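Notes to accompany the following structure.
Keep in mind that this is a model prediction, so the values were computed, not measured.
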Amino acid sequence: VAGNNGGGVYLVADAPDVRNNIFMENIASSGGGGWVNAGISDLTLDYNNWFNNTPDHVAGSASAGANALIDVDPMFDPDPLRFYSLYQNSNVIDKGDPTVPVFRDYEEDPRPTHQGWDMGADELGGCWVQNTRTPEIVYGSLQYALGFAQSDDTLLVDGACLGVNNMGGTIQNTYVNISVTIDGSWVSPYMEDDLVFANLNAQNEGRVLKVDAGATFEVQNIYLNQGNANVAGLDGNGGGVHNSGTLSLFNVTVTSSSATNGGGVYQASGDLDIQQSFISSNNAGNGGGVYFAGGTILVDSNKLFDNNASSNGAGIYLANTNATVQNNFVYNNEATTNGGGLYDSSGIANIIHNTFVGNGANSGGGIYLETGTPFVYGNIVDNNTGTGIHTNAGTPTVQYNNVVDNDGDYGGVFTNPDATNIMTAPVYVDILDFHLALGSPGIDAAAPITELLTHDIDGHLRPTNGGNDIGADE
């Protein structure tokens, strides 16, 4: 409270620099938030939050600035022990000027965190990054840390890294144009009850991860979630991941993301290798879980489940050549039109030793083959709605599969499978555990062609005992 002018701040002379502050509930006769004297020669006044000051926010010889937040409640943490601190719903997060050279907040947490500098004394924490090349530096923002990374660096990530940025002409949580590795298994000293992997969360304000052409990027042990490509550019493709480089996903969970094509993952070009990962609860027009548009793709030893497509390919959509899908559990995916588990329009995909269970579509609840000569070998296609394997056209190789208990096991132009295929219900370990129980039909029932695969979904040797087992599990 000031009896005259400038309840929050009174700027008298010289060249004051006033940025990234919160001025709230201050009172004066004039300039409740701040008063600027006419004698100031070189003033920097911008990127501040002015809220509920009386009778006005800024008075005197200057205005609040083009990037100020006017009449916006900063929303402090409601916890009374977190006095004037920020929390996830605060309105001043990432709204500060990124050129302010202040790299710690009042608690000594790093600045910036998440996607930029916050306004006020507190910087919202929760994201922690360490480059193994410079372990003495701890960052609060993965995107900021990438700006200091060199080729072949490894960045360790802990906590939840939130929000989006606008880099490379698109909107995403993390933009990568350098060859690095990100590992979300780091147990840092900064997180309490640190029992889960790190989380990159776009909060439905853009996609989660964009990998540019020329980058070689390895991602492991991390969650990628709440991406929305429909507001991110690149034709709305790739809600969780959009790849044009060389990308490896290992033990990564891609979930709760949406797009026009590729709700979870969109492979535009380059090379993509997805292994030991979980692709779940994503939505798209085509390719709810994964959409393959170009380059090469290997989808090996993953679980793809609860994904949805308003058109085709709820689990996986293969629209280009050089695609191999092997050793996956693909279950409970739903497509409105065709290909609940997998939709192949490439014509020459390799679909080998997968387990398709409980998927649904109008046709091809398990697998929909649009055309060409795809290789469909050693799969379990069980209990899917809308035919197990539907062949629209072409001459696929369909051998050593167990296709059973679907709404019509074979449909389209291919309805007479050869004698290598069986139609006997497999026995699983549990209702959502599609490992084969001892004595299940399909064990040792696939041809012992060892050059096709040498491992199963768990990395166990294939074949064992008398031969290859049908399905993803050996």
* To do: Classify the side-chain pair N302/Q276 by whether it contains a donor and acceptor separated by less than 3.5 Å.
  => no
* Please determine, by modelled atom types, if N165 and Q115 share a side-chain donor-acceptor pair under 3.5 angstrom. => yes
* State whether the side chain of S277 and the backbone N or O of Q275 hold a donor-acceptor pair below 3.5 Å, judged by distance alone. => yes
* Structure fact -> The complete set of salt bridge (Lys or Arg N to Asp or Glu O under 4.0 Å) pairs with one or both residues in residues 132-145, sequence neighbours excluded, reads R133-D153
* To do: Scan N402, T355, N401, N328 and name whichever one has a side chain to side chain donor-acceptor pair (under 3.5 Å) with N379.
  => N401
* To do: Check the side chains of D405 and N383 for a donor-acceptor pair under 3.5 angstrom, ignoring hydrogens and angles.
  => no
* Would you tell me whether D300 and Q326 have side-chain atoms, one donor and one acceptor, within less than 3.5 Å of each other? => yes
* Do N201 and Q226 have side-chain atoms, one donor and one acceptor, less than 3.5 Å apart? -> yes
* To do: Check whether any side-chain heavy atom of S257 sits under 4.5 Å from a side-chain heavy atom of V208, and report yes or no.
  => yes
* **Close side-chain approach of L86 and E123, heavy atoms under 4.5 Å** => no
Could you pull out all donor-acceptor pairs under 3.5 Å where a side-chain atom in residues 312-321 meets a protein atom, sequence neighbours excluded?
unit_1 : atom_1 : unit_2 : atom_2 : d
N312   : OD1    : N338   : N      : 3.0
N320   : ND2    : A293   : O      : 2.6

* Asked: Who passes side-chain contact (heavy atoms from CB on, under 4.5 Å) against T260, sequence neighbours left out?
  -> N230, N237
* Does any donor atom in the side chain of N406 or N384 lie under 3.5 Å from an acceptor atom in the other side chain? -> yes
* To do: For N421 and V398, indicate whether the former's side chain and the latter's backbone hold a donor-acceptor pair under 3.5 Å.
  => yes
* Asked: Would N283 and S258 count as having a side-chain donor-acceptor pair, cut-off 3.5 Å?
  -> no
* Beyond-backbone contact of L436 with D469, side-chain heavy atoms, under 4.5 angstrom -> yes
* **Residues Y428 and D382: side-chain donor-acceptor under 3.5 angstrom** => yes
* N243 side chain to Q267 side chain, donor-acceptor N/O pair below 3.5 angstrom -> yes
* Please check if any side-chain donor atom of Y175 sits under 3.5 Å from a side-chain acceptor atom of D212, or the reverse. => yes
* Asked: How about F375 and Y377: are their ring centroids closer than 6.0 Å?
  -> yes
* Any sub-3.5 Å donor-acceptor pair from H242's side-chain atoms to Y266's backbone N or O? -> no
* Asked: Quick one: are I457 and H435 in side-chain contact, heavy atoms under 4.5 Å?
  -> yes
